[in-house]
Amino acid sequence: MLDIKRIREKTDEVREGLRRRGADLALLDAVLELDRQRRALLGSAEEMKNRRNATSKEIGAARKRGEDTAAIQAEIRTLGDRITALDEQIRGVEAELHKAVLCIPNVPCATIPTGSDASANRVARVEGQSREFAFQPKDHVALAEKLGILDLPRAARMSGSGFPLLVGAGAKLQRALIQYMLDLHTTCHGYTELLPPFVVNSDAMCGTGQLPKMAEDMYHCEKDDLWLIPTAEVPVTNYFREEIIDRPLPIFLTAYTPCFRREAGSAGKETRGILRVHQFDKVEMVKFVAPETSYAELEKLVGNAEDVLQGLGLHYRILELCSGDISFAAAKCYDIELWAPGQQGWLEVSSCSNFEDFQARRANIRYRDAEGKTRFVHTLNGSGVALPRLMIALLENYQQADGSVILPPALAPYMGGIDRLVPK
RNA sequence: GGAGGGAUGGCUGAGUGGUUGAAAGCAUCGGUCUUGAAAACCGACAUGCCGAAAGGCAUCGGGGGUUCGAAUCCCUCUCCCUCCGCCA
């Protein structure tokens, strides 16, 4: 959520930022108008309330002296009625204003590339090298089938398409990867591990910015008005919702959770295998930091995600997303993509964003600065990393001519002696 | 699911209709004293909104109501605690 004062006082700057994003500028004008209305109404209401409060005090004093106050009470009662009416009007305007402000996306960081879609994203770096194959590499669907580690037909029968079902060594590998990543972040990167609820209420969803705009992309339990989380970002960031954080910043939290996404409208090649699914596992990193440090922390966050991939010996690249491609709440965002030889393409496995105070304002997460003044924290998060595509990259990169897959040594401690997946 | 009890400022905790935005204590900050520290003493110390400012308005878990006036009375919701039931 943008600061209404910033919208009011630095309107041009905000307008320009939203224009770079391709956002709806009419909404901004509506907000400005509602803000004007609100302040005008508030002025007269407060004046009336001031009179009522003063008169009430006088009534109290007069009563103590034993005087009759019936006449003045009747008069002030009509004032009360006018206040009630005006308050109702103000509430209406404020509700509309709040609703509109919640729909305005974050202003992008000035330094990111300008562009309307993914084609304007900038390749910041490419790390590692693609492997040379002496044979035609298979894609993950073919590999997984031979290995017997993925059973999509049975999953579809019980849940519909887009719900993966891992079997045997596949399930074990997934569990090993989760543990490898969590251990890396908690022991080497300074994160504290959470295992949060996988279902949250609407306030939490609003706090991180999924609501109100993304309602259609998420699973909703209507009877309880609860939502299945689309990412651990939601419960982990909301850990401090409505709090003034009383421990030193920065705070780093990490969590493994499944993620649930309806992703209406996706189809075709993108949905083959486990490339794009309604349920997937992910390890997420979340940071709560002082505003001055958030951009330096973003760089470190990307480094933390890269360590996961380097530890597995994978080839990846880093994209700096352009103004039109960053998510609703983000001011700046890096995507990390893994090379997948079977797909002959790059797969997004991580998205690392700085939200500045956008989420902190929505979720009301504050801290006390050196002067003891309460300020909004800056929040960041990054995938560290998402599992299905990591699994795809591992299978496709480390496949052998005979269809077996050699596992990277980093996973040895977690695989109970299995260092290679072998066709059945 | 049933019965009861709670929710007050960073924390503990008083307060059942009229200068109570809120006693007291703790914590924190500043000062006095001290070679220094502690102790003691003195003082400061909630947040949001409107306003150029003076100042004003709002807030005692959330929402609604009664009243000239609500932390205090009524309704409702949420959460927490205790007991009973059920249960992996």
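Every heavy atom of this structure was used, including side-chain atoms; hydrogens, water molecules and symmetry mates were not. Numbers restart at 1 for each chain; the letters A, B, ... are given by sequence-line order, proteins then strands.
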- Atom pair CD1/CD1 of A:I59 and A:I76 - distance to nearest 0.5 Å: 6.5 Å
- Message: Counting the benzene-type ring for Trp, do A:F358 and A:F328 have ring centres under 6.0 Å apart?
- Response: yes
- Rounding to the closest angstrom, what is the interatomic distance between B:A53 and B:U19 at atom P? 30 Å
- Message: Between B:A70 and B:G63, how far apart are the two P atoms, rounded to whole Å?
- Response: 15 Å
Could I get a table of every N or O pair under 3.5 Å where one atom is in the protein and the other is in nucleotides 46-51 of chain B?
unit_1	atom_1	unit_2	atom_2	d
B:C49	O2'	A:R38	NH2	2.9
B:C50	OP1	A:R8	NH2	2.7
B:G51	OP1	A:R39	NH1	2.9

- Query: Roughly, in whole Å, what's the span from CD1 in A:I90 to C1' in B:C57?
  - Reply: 10 Å
- Message: I'd like the C1' distance from B:G21 over to B:C80, given in whole Å.
- Response: 26 Å
- Message: Looking at B:A52, which nucleotide sits across from it as a Watson-Crick or G-U wobble partner, both distances under 3.5 angstrom, or is there none?
- Response: none
- Item | A:R39/A:D35 salt bridge by N-O under 4.0 Å criterion | yes
- B:G17 pairs with which nucleotide, Watson-Crick or G-U wobble, both distances below 3.5 Å? none
- Say you pick atom C1' in B:U20 and the same atom in B:G13; how far apart are they, in whole Å? 15 Å
- Query: Taking OP1 and OP2 of B:G56, is either one under 4.0 Å from a side-chain nitrogen or oxygen of A:N50?
  - Reply: no
- Residues pairing under side-chain hydrogen bond (donor to acceptor under 3.5 Å, both in side chains) where one sits in residues 325-337 of chain A, two or more places apart or in two chains, turn out to be A:N121-A:D325, A:E299-A:Y334, A:R317-A:E337, A:K332-A:Y334, A:D335-A:S351
- Query: Please give, in whole Å, the distance from B:G18 P to A:E67 CD?
  - Reply: 18 Å
- Nearest heavy-atom contact between A:A331 and A:V107 is CB-O, 3.8 Å
- Pick the C1' atom in B:C74 and in B:U66, then give their distance to the nearest Å. 7 Å
- Round to a whole Å and report the spacing from CG of A:N201 to C1' of B:C79. 12 Å
- Could you measure between the two C1' atoms, the one in B:U59 and the one in B:G9, and give it in whole Å? 11 Å
- Query: In terms of side-chain geometry, is the basic nitrogen of A:R19 or A:E16 positioned less than 4.0 Å from the acidic oxygen of its partner?
  - Reply: yes
- Message: Test side chain to side chain contact (heavy atoms under 4.5 Å, CB included) on A:Q359 and A:I365; report intermediate values, then the result.
- Response: CA-CA 8 Å; A:Q359 291 181 326; A:I365 303 171; over 6 Å; no
- Could you give the CG-to-P distance, from A:D203 to B:C79, as a whole number of Å? 12 Å
- Message: Strictly by Watson-Crick or wobble contacts shorter than 3.5 Å, is anything paired with B:C33, and which nucleotide is it?
- Response: none
- Query: Salt bridge or not for A:R175 and A:D281, using N-O below 4.0 Å?
  - Reply: no
- Pick the P atom in B:G64 and in B:U72, then give their distance to the nearest Å. 14 Å
- Report, as yes or no, whether the 6.0 Å neighbourhood of atom CE on A:M218 holds more than 12 heavy atoms from other residues, nucleotides or ligands. yes
- Message: Suppose we define a pair by two distances each less than 3.5 Å, Watson-Crick or G-U wobble; what does B:U78 pair with here?
- Response: B:A7
- Within this structure, what is the CZ-to-P distance between A:R247 and B:G10, rounded to whole angstrom? 17 Å
- Separation of B:C57 atom P from A:I83 atom CD1, nearest Å, is 10 Å
- Message: Under the salt bridge (Lys or Arg N to Asp or Glu O under 4.0 Å) test against A:D3, which residue among A:R375, A:R361, A:R8 passes?
- Response: A:R361
Pairs under 3.5 Å (N/O, protein and nucleotides 59-68 of chain B):
unit_1	atom_1	unit_2	atom_2	d
B:C68	OP2	A:R77	NH1	2.7
B:C68	O2'	A:S56	OG	3.0
B:C68	N4	A:R63	NH2	3.3

- Item | P atoms of B:A23 and B:G4, separation to the nearest Å | 34 Å
- Note on the structure: For B:U59, the nucleotide meeting Watson-Crick or G-U wobble distances (both under 3.5 Å) is B:A46
- Does a nitrogen or oxygen in the side chain of A:N53 sit under 4.0 Å from OP1 or OP2 of B:C57? yes
- Is A:D217 salt-bridged to A:R262, cutoff N-O under 4.0 Å? no
- Give none if B:C86 has no partner; otherwise give the nucleotide forming a Watson-Crick or G-U wobble pair with it, both distances under 3.5 Å. none
